[in-house]
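Each remark here refers to the structure printed beneath this line.
Numbers here are sequence positions counted from 1.
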Amino acid sequence: WSGVVAPTDSPGVEALLDELQSELECRMEVGSVSSDLCSARKADVILVLPELADLPNSNHALALLASHGPAFGMHIIAATNRQEELTDATLASFGTRLVMRTLDEAASVRLLGRPDAADRGGGGDLCRRIEGRAPVRLPSFGVDPENLNRLVDLMHAAFRDSAQSEEPAPPSGTDGDTVAEQADEAPL
């Protein structure tokens, strides 16, 4: 929407959230993500928050985006390592959760409604709870921080390789020449 805003840039964060709230209110009034009356940016909007606890808990725009945004093409992906700093109202705004191992049962109950995340082993296993449903255990993989950069490099290389292999062939003319070759041969 407006690029990356550092969490320490309080005026920038507030301005971005205000802008997103205005866009959501416009989409809600019009009732359509594709309306020309709202922003020219008609695609879905995804707000990524690497640490939810860095934002003010009293922010009305965040609560509005979390509760009404998905119906109008506006979504939030938020993470936290400091759930104890979040208010219950803020947590309630995020009904779908992926929870890795918690330090104790109280934290697990607060996040999942059950103590299931307290007994998770290492290795990245987690619990998923979708909009208040019962949590489901999911196997996942943990990557040591020292190997994370290597994994990212491998993923980038794999994506580049697959993107290059999927490049479409240039359109061809009726006699097998490419359109560009035919244009070179056409009389002026």
Side-chain angles (χ1 to χ4, degrees), residues 1-83 85-100 110-114 117 124-141 143 148 151-152 155-156 158-168:
W1 193 266
S2 50
V4 175
V5 178
T8 55
D9 177 9
S10 295
V13 169
E14 291 296 325
L16 175 61
L17 290 174
D18 289 345
E19 185 179 352
L20 291 174
Q21 179 178 346
S22 295
E23 177 68 15
L24 175 60
E25 289 169 350
C26 180
R27 290 180 182 197
M28 290 170 71
E29 286 176 21
V30 174
S32 171
V33 173
S34 62
S35 170
D36 291 335
L37 299 175
C38 294
S39 168
R41 301 174 208 135
K42 296 175 181 128
D44 281 4
V45 174
I46 301 173
L47 175 63
V48 179
L49 304 170
E51 180 51 70
L52 185 58
D54 287 341
L55 294 178
N57 277 321
S58 61
N59 192 295
H60 176 70
L62 188 63
L64 186 66
L65 284 165
S67 61
H68 298 291
F72 296 93
M74 301 181 78
H75 310 275
I76 300 174
I77 298 173
T80 189
N81 283 319
R82 305 186 329 246
Q83 60 86 20
E85 295 178 28
L86 301 175
T87 65
D88 290 339
T90 298
L91 282 176
S93 296
F94 298 93
T96 298
R97 302 177 187 167
L98 294 175
V99 179
M100 296 183 82
R110 184 167 190 240
L111 294 171
L112 291 173
R114 294 171 47 175
D125 285 352
L126 49 90
C127 293
R128 174 194 72 197
R129 188 190 84 181
I130 298 177
E131 291 297 329
R133 297 179 192 163
V136 176
R137 291 177 182 238
L138 296 176
S140 63
F141 300 97
V143 178
L148 191 57
L151 175 62
V152 169
M155 292 169 65
H156 281 268
F159 177 73
R160 263 192 314 272
D161 292 345
S162 69
Q164 288 173 352
S165 68
E166 294 177 11
E167 287 182 12

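Ile130 pairs by the side chain to side chain contact (heavy atoms under 4.5 Å, CB included) definition with Thr96, Arg128, Arg133, not counting sequence neighbours. Looking at residues two or more places apart in sequence or on another chain, you find a side chain to side chain contact (heavy atoms under 4.5 Å, CB included) between Ala89 and Thr87. Here Arg97 pairs with nothing under the salt bridge (Lys or Arg N to Asp or Glu O under 4.0 Å) rule; sequence neighbours left out. For the side chain to side chain contact (heavy atoms under 4.5 Å, CB included) test, residues two or more places apart in sequence or in another chain that qualify with Asp9 are Val5, Ala6, Pro11. The side-chain hydrogen bond (donor to acceptor under 3.5 Å, both in side chains) check on Arg129 picks up nothing, with sequence neighbours excluded. Applying the side-chain hydrogen bond (donor to acceptor under 3.5 Å, both in side chains) criterion to Ser93, with sequence neighbours excluded, gives no partner residue. Partners of Arg114 by side-chain hydrogen bond (donor to acceptor under 3.5 Å, both in side chains), not counting sequence neighbours, listed by chain and number: Asp116.
In this structure, the side chains of Arg27 and Val45 come closer than 4.5 Å at one or more pairs of heavy atoms. Side-chain contact between Leu91 and Leu52 is absent, with no heavy atoms from C-beta onward closer than 4.5 Å.
Pairs of residues two or more places apart, or lying in two chains, that qualify as salt bridge (Lys or Arg N to Asp or Glu O under 4.0 Å) and include a residue from residues 63-83 are Asp54-Arg82, Arg82-Glu85.
Atom CG of Leu151 sits about 9.5 Å away from atom NE2 of His156, to the nearest 0.5 Å. The line from CG of Leu24 to CG of Leu17 is 12.0 Å long, rounded to the nearest 0.5 Å. Here the straight-line distance linking atom CG of Leu98 with atom CG of Leu112 works out to 9.5 Å at 0.5 Å rounding.
Put simply, the side chain of Ser22 gets close to the backbone of Asp18: a donor and an acceptor are under 3.5 Å apart. The backbone N or O of Leu65 sits nowhere less than 3.5 Å from a side-chain atom of Gln21 that would complete a donor-acceptor pair.
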- Could you give me the CA-CA distance, side-chain angles and deciding distance for Arg110 and Asp88, then say whether side chain to side chain contact (heavy atoms under 4.5 Å, CB included) is met? CA-CA 9 Å; Arg110 184 167 190 240; Asp88 290 339; 3.0 Å; yes

- Kindly indicate, with the supporting measurements, whether the criterion side chain to side chain contact (heavy atoms under 4.5 Å, CB included) is fulfilled by Leu49 and Leu62. CA-CA 11 Å; Leu49 304 170; Leu62 188 63; 3.8 Å; yes

Donor-acceptor pairs under 3.5 angstrom involving side-chain atoms of residues 67-77: please list them, not counting sequence neighbours.
unit_1: Ser67; atom_1: OG; unit_2: Ala63; atom_2: O; d: 3.0
unit_1: Ser67; atom_1: OG; unit_2: Leu64; atom_2: O; d: 3.4

